[in-house]
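All remarks here apply to the structure that follows.
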Amino acid sequence: MKKHKGQSVVEFALVLPLFLFILFGIIYSGMMFHDYATLSNIARAITREAAVSASPDSDSNYSNIKLYYTPRLGDLMTKFYTPVGSDPISIVKTHDEANGDIIQTTINMQLNVNGLFLDMILPKAFGVQYYMRKEPNTSSST
(Lines give C-alpha, C1' and ligand atoms only; values in the text may rest on other atoms or scores of the structure.)
Protein backbone atom coordinates (compact mmCIF):
# COMPACT_ATOMS: atom_id res chain seq x y z
CA MET A 1 0.00 0.00 0.00
CA LYS A 2 2.93 2.37 0.56
CA LYS A 3 3.87 2.21 -3.14
CA HIS A 4 0.60 3.92 -4.15
CA LYS A 5 0.74 6.75 -1.63
CA GLY A 6 1.68 9.53 -4.14
CA GLN A 7 -0.43 8.23 -7.01
CA SER A 8 -3.40 10.50 -6.32
CA VAL A 9 -1.16 13.60 -6.21
CA VAL A 10 0.34 12.73 -9.60
CA GLU A 11 -3.09 12.06 -11.12
CA PHE A 12 -4.38 15.34 -9.71
CA ALA A 13 -1.38 17.20 -11.17
CA LEU A 14 -2.07 15.68 -14.59
CA VAL A 15 -5.83 16.31 -14.62
CA LEU A 16 -5.87 19.80 -13.03
CA PRO A 17 -4.58 21.76 -16.08
CA LEU A 18 -7.14 20.11 -18.37
CA PHE A 19 -9.93 20.76 -15.87
CA LEU A 20 -8.92 24.44 -15.49
CA PHE A 21 -8.66 24.85 -19.28
CA ILE A 22 -12.20 23.55 -19.73
CA LEU A 23 -13.52 25.62 -16.79
CA PHE A 24 -12.01 28.89 -18.05
CA GLY A 25 -13.21 28.07 -21.58
CA ILE A 26 -16.77 27.79 -20.30
CA ILE A 27 -16.44 31.03 -18.33
CA TYR A 28 -15.02 32.95 -21.31
CA SER A 29 -17.69 31.52 -23.61
CA GLY A 30 -20.32 32.89 -21.24
CA MET A 31 -18.59 36.27 -21.18
CA MET A 32 -18.43 36.37 -24.97
CA PHE A 33 -22.13 35.50 -25.17
CA HIS A 34 -22.79 38.39 -22.78
CA ASP A 35 -20.79 40.68 -25.08
CA TYR A 36 -22.83 39.56 -28.09
CA ALA A 37 -26.08 40.14 -26.19
CA THR A 38 -24.82 43.60 -25.16
CA LEU A 39 -24.04 44.47 -28.79
CA SER A 40 -27.47 43.22 -29.85
CA ASN A 41 -29.12 45.42 -27.22
CA ILE A 42 -27.08 48.44 -28.35
CA ALA A 43 -28.12 47.80 -31.97
CA ARG A 44 -31.75 47.52 -30.89
CA ALA A 45 -31.56 50.77 -28.91
CA ILE A 46 -29.93 52.62 -31.81
CA THR A 47 -32.52 51.35 -34.26
CA ARG A 48 -35.37 52.22 -31.94
CA GLU A 49 -34.07 55.73 -31.38
CA ALA A 50 -33.63 56.27 -35.14
CA ALA A 51 -37.07 54.81 -35.86
CA VAL A 52 -38.99 57.05 -33.46
CA SER A 53 -37.06 60.25 -34.15
CA ALA A 54 -39.13 62.86 -35.92
CA SER A 55 -36.40 63.84 -38.31
CA PRO A 56 -36.13 64.92 -41.90
CA ASP A 57 -35.27 62.38 -44.60
CA SER A 58 -31.56 63.17 -44.38
CA ASP A 59 -29.25 60.89 -42.40
CA SER A 60 -27.41 63.81 -40.78
CA ASN A 61 -29.35 63.51 -37.53
CA TYR A 62 -28.18 59.91 -37.15
CA SER A 63 -24.67 61.21 -36.45
CA ASN A 64 -25.83 62.31 -32.98
CA ILE A 65 -27.16 58.82 -32.28
CA LYS A 66 -23.88 57.28 -33.47
CA LEU A 67 -21.88 59.73 -31.37
CA TYR A 68 -23.84 58.77 -28.27
CA TYR A 69 -23.59 54.98 -28.69
CA THR A 70 -20.06 54.53 -30.14
CA PRO A 71 -18.28 54.84 -26.75
CA ARG A 72 -20.56 52.11 -25.35
CA LEU A 73 -19.07 49.61 -27.80
CA GLY A 74 -15.91 49.57 -25.69
CA ASP A 75 -17.78 48.56 -22.51
CA LEU A 76 -17.67 44.82 -23.18
CA MET A 77 -16.65 42.20 -20.61
CA THR A 78 -13.93 40.74 -22.81
CA LYS A 79 -11.55 42.77 -24.92
CA PHE A 80 -11.38 40.17 -27.71
CA TYR A 81 -13.31 42.40 -30.12
CA THR A 82 -13.04 46.11 -30.81
CA PRO A 83 -15.10 48.39 -33.07
CA VAL A 84 -14.03 48.48 -36.73
CA GLY A 85 -12.54 51.83 -37.74
CA SER A 86 -13.73 55.20 -36.59
CA ASP A 87 -17.35 54.63 -37.67
CA PRO A 88 -18.39 51.08 -36.66
CA ILE A 89 -22.11 51.91 -36.54
CA SER A 90 -24.08 52.08 -39.76
CA ILE A 91 -27.66 53.41 -39.78
CA VAL A 92 -29.47 53.14 -43.11
CA LYS A 93 -33.05 54.12 -43.92
CA THR A 94 -34.63 52.30 -46.85
CA HIS A 95 -38.13 52.29 -48.27
CA ASP A 96 -40.16 49.13 -48.73
CA GLU A 97 -43.49 49.30 -50.56
CA ALA A 98 -45.14 46.83 -48.19
CA ASN A 99 -43.77 48.08 -44.88
CA GLY A 100 -42.86 51.72 -45.48
CA ASP A 101 -39.55 53.11 -44.23
CA ILE A 102 -37.20 50.58 -42.64
CA ILE A 103 -34.28 51.48 -40.38
CA GLN A 104 -31.33 49.06 -40.45
CA THR A 105 -28.51 49.33 -37.94
CA THR A 106 -25.25 47.39 -38.30
CA ILE A 107 -22.45 47.28 -35.75
CA ASN A 108 -19.14 45.90 -37.04
CA MET A 109 -16.54 44.43 -34.68
CA GLN A 110 -13.08 42.98 -35.36
CA LEU A 111 -10.87 40.53 -33.48
CA ASN A 112 -8.37 42.26 -31.23
CA VAL A 113 -6.30 39.20 -30.21
CA ASN A 114 -3.14 38.23 -32.11
CA GLY A 115 -0.69 35.43 -31.50
CA LEU A 116 -2.88 33.25 -29.31
CA PHE A 117 -4.69 30.19 -30.54
CA LEU A 118 -7.91 32.19 -30.18
CA ASP A 119 -7.35 33.85 -33.55
CA MET A 120 -7.64 30.39 -35.11
CA ILE A 121 -10.92 29.62 -33.31
CA LEU A 122 -12.78 32.94 -33.23
CA PRO A 123 -14.03 34.75 -36.34
CA LYS A 124 -11.87 37.64 -37.51
CA ALA A 125 -14.86 39.98 -37.66
CA PHE A 126 -18.60 39.93 -37.15
CA GLY A 127 -21.52 42.28 -37.35
CA VAL A 128 -24.77 42.67 -35.47
CA GLN A 129 -27.78 43.84 -37.49
CA TYR A 130 -31.17 45.04 -36.37
CA TYR A 131 -34.16 46.13 -38.45
CA MET A 132 -37.19 48.17 -37.44
CA ARG A 133 -40.03 49.93 -39.25
CA LYS A 134 -39.81 53.71 -38.98
CA GLU A 135 -42.68 55.17 -37.02
CA PRO A 136 -44.78 57.63 -39.00
CA ASN A 137 -44.47 61.23 -37.92
CA THR A 138 -47.69 61.79 -35.96
CA SER A 139 -47.03 65.25 -34.59
CA SER A 140 -50.16 67.40 -34.72
CA SER A 141 -50.70 70.99 -33.76
CA THR A 142 -53.89 71.74 -31.85
Side-chain angles (χ1 to χ4, degrees), residues 1-140:
M1 191 68 162
K2 288 190 173 194
K3 292 197 301 189
H4 302 289
K5 196 171 188 178
Q7 177 183 357
S8 60
V9 174
V10 173
E11 288 176 357
F12 180 74
L14 292 174
V15 173
L16 182 65
L18 179 64
F19 175 73
L20 290 177
F21 179 75
I22 292 171
L23 180 68
F24 286 125
I26 291 170
I27 290 170
Y28 263 94
S29 296
M31 289 169 59
M32 289 179 62
F33 181 75
H34 178 270
D35 289 349
Y36 184 78
T38 300
L39 289 174
S40 294
N41 285 334
I42 291 172
R44 182 198 51 78
I46 291 170
T47 309
R48 176 71 180 149
E49 191 168 335
V52 298
S53 65
S55 63
D57 289 335
S58 70
D59 293 337
S60 63
N61 70 318
Y62 295 148
S63 61
N64 290 335
I65 297 171
K66 290 180 186 181
L67 215 67
Y68 179 76
Y69 283 101
T70 299
R72 282 151 182 77
L73 299 178
D75 295 339
L76 303 177
M77 287 182 90
T78 64
K79 299 301 178 195
F80 288 155
Y81 287 96
T82 56
V84 174
S86 61
D87 191 19
I89 300 172
S90 168
I91 305 172
V92 178
K93 183 170 102 174
T94 58
H95 184 73
D96 183 17
E97 291 298 325
N99 297 320
D101 290 336
I102 304 291
I103 303 292
Q104 173 190 348
T105 301
T106 306
I107 299 175
N108 294 312
M109 303 294 280
Q110 67 186 1
L111 189 63
N112 190 30
V113 180
N114 289 327
L116 295 174
F117 68 94
L118 291 174
D119 58 352
M120 294 185 294
I121 298 170
L122 298 175
K124 302 286 184 224
F126 74 94
V128 176
Q129 290 185 343
Y130 203 86
Y131 300 89
M132 188 176 289
R133 186 174 62 85
K134 178 138 176 77
E135 297 293 324
N137 193 359
T138 58
S139 61
S140 62

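Predicted model only: the values in this text are computed from it and were never measured.
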Please list, chain by chain and in numerical order, all residues satisfying side-chain contact (heavy atoms from CB on, under 4.5 Å) with [X], sequence neighbours excluded.
X: Ile121; answer: Phe117
X: Arg48; answer: Val52, Met132, Glu135
X: Ile22; answer: Leu18, Ile26
X: Thr82; answer: Gln110, Asn112

For [X], which residues count as a side chain to side chain donor-acceptor pair (under 3.5 Å) partner, sequence neighbours excluded?
X: Thr70; result: none
X: Asp35; result: Thr78
X: Tyr36; result: none

State the [atom1]-[atom2] distance between [X] and [Y], to the nearest 0.5 angstrom.
X: Met77; Y: Phe33; atom1: CE; atom2: CZ; value: 12.5 Å
X: Ile102; Y: Thr94; atom1: CD1; atom2: OG1; value: 6.0 Å
X: Tyr62; Y: Ser90; atom1: OH; atom2: OG; value: 11.0 Å
X: Arg44; Y: Thr105; atom1: CZ; atom2: OG1; value: 11.0 Å

Looking only at heavy atoms, what is the nearest atom pair of [X] and [Y], with distance?
X: Ile103; Y: Ala50; value: CG2-CB, 3.8 Å
X: Asp101; Y: His95; value: OD1-ND1, 2.9 Å
X: Ala43; Y: Val128; value: CB-CG1, 4.0 Å

Hey, could you give me each pair passing salt bridge (Lys or Arg N to Asp or Glu O under 4.0 Å) that has a residue in residues 69-88? Not counting sequence neighbours.
Lys66-Asp87
Any pair counted as side chain to side chain donor-acceptor pair (under 3.5 Å), so long as it reaches residues 10-22, sequence neighbours left out:
Gln7-Glu11
Listed once per pair and sorted, the side chain to side chain donor-acceptor pair (under 3.5 Å) pairs that draw on residues 122-132, sequence neighbours left out:
Gln129-Tyr131
Are any non-hydrogen side-chain atoms of Leu73 and Ile89 less than 4.5 angstrom apart?
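They are in side-chain contact.
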Does some side-chain heavy atom of Leu39 sit less than 4.5 Å from a side-chain heavy atom of Tyr81?
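Counting from C-beta outward, Tyr81 and Leu39 never come under 4.5 Å.
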Tyr69 and Glu49: side chain donor to acceptor below 3.5 Å
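Yes, because at least one side-chain N or O of Tyr69 sits under 3.5 Å from a partner of the opposite role on Glu49.
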Only counting residues at least two apart or in another chain, list the ones meeting ring pair (Phe, Tyr, Trp, His ring centres under 6.0 Å) with Tyr28.
Phe80
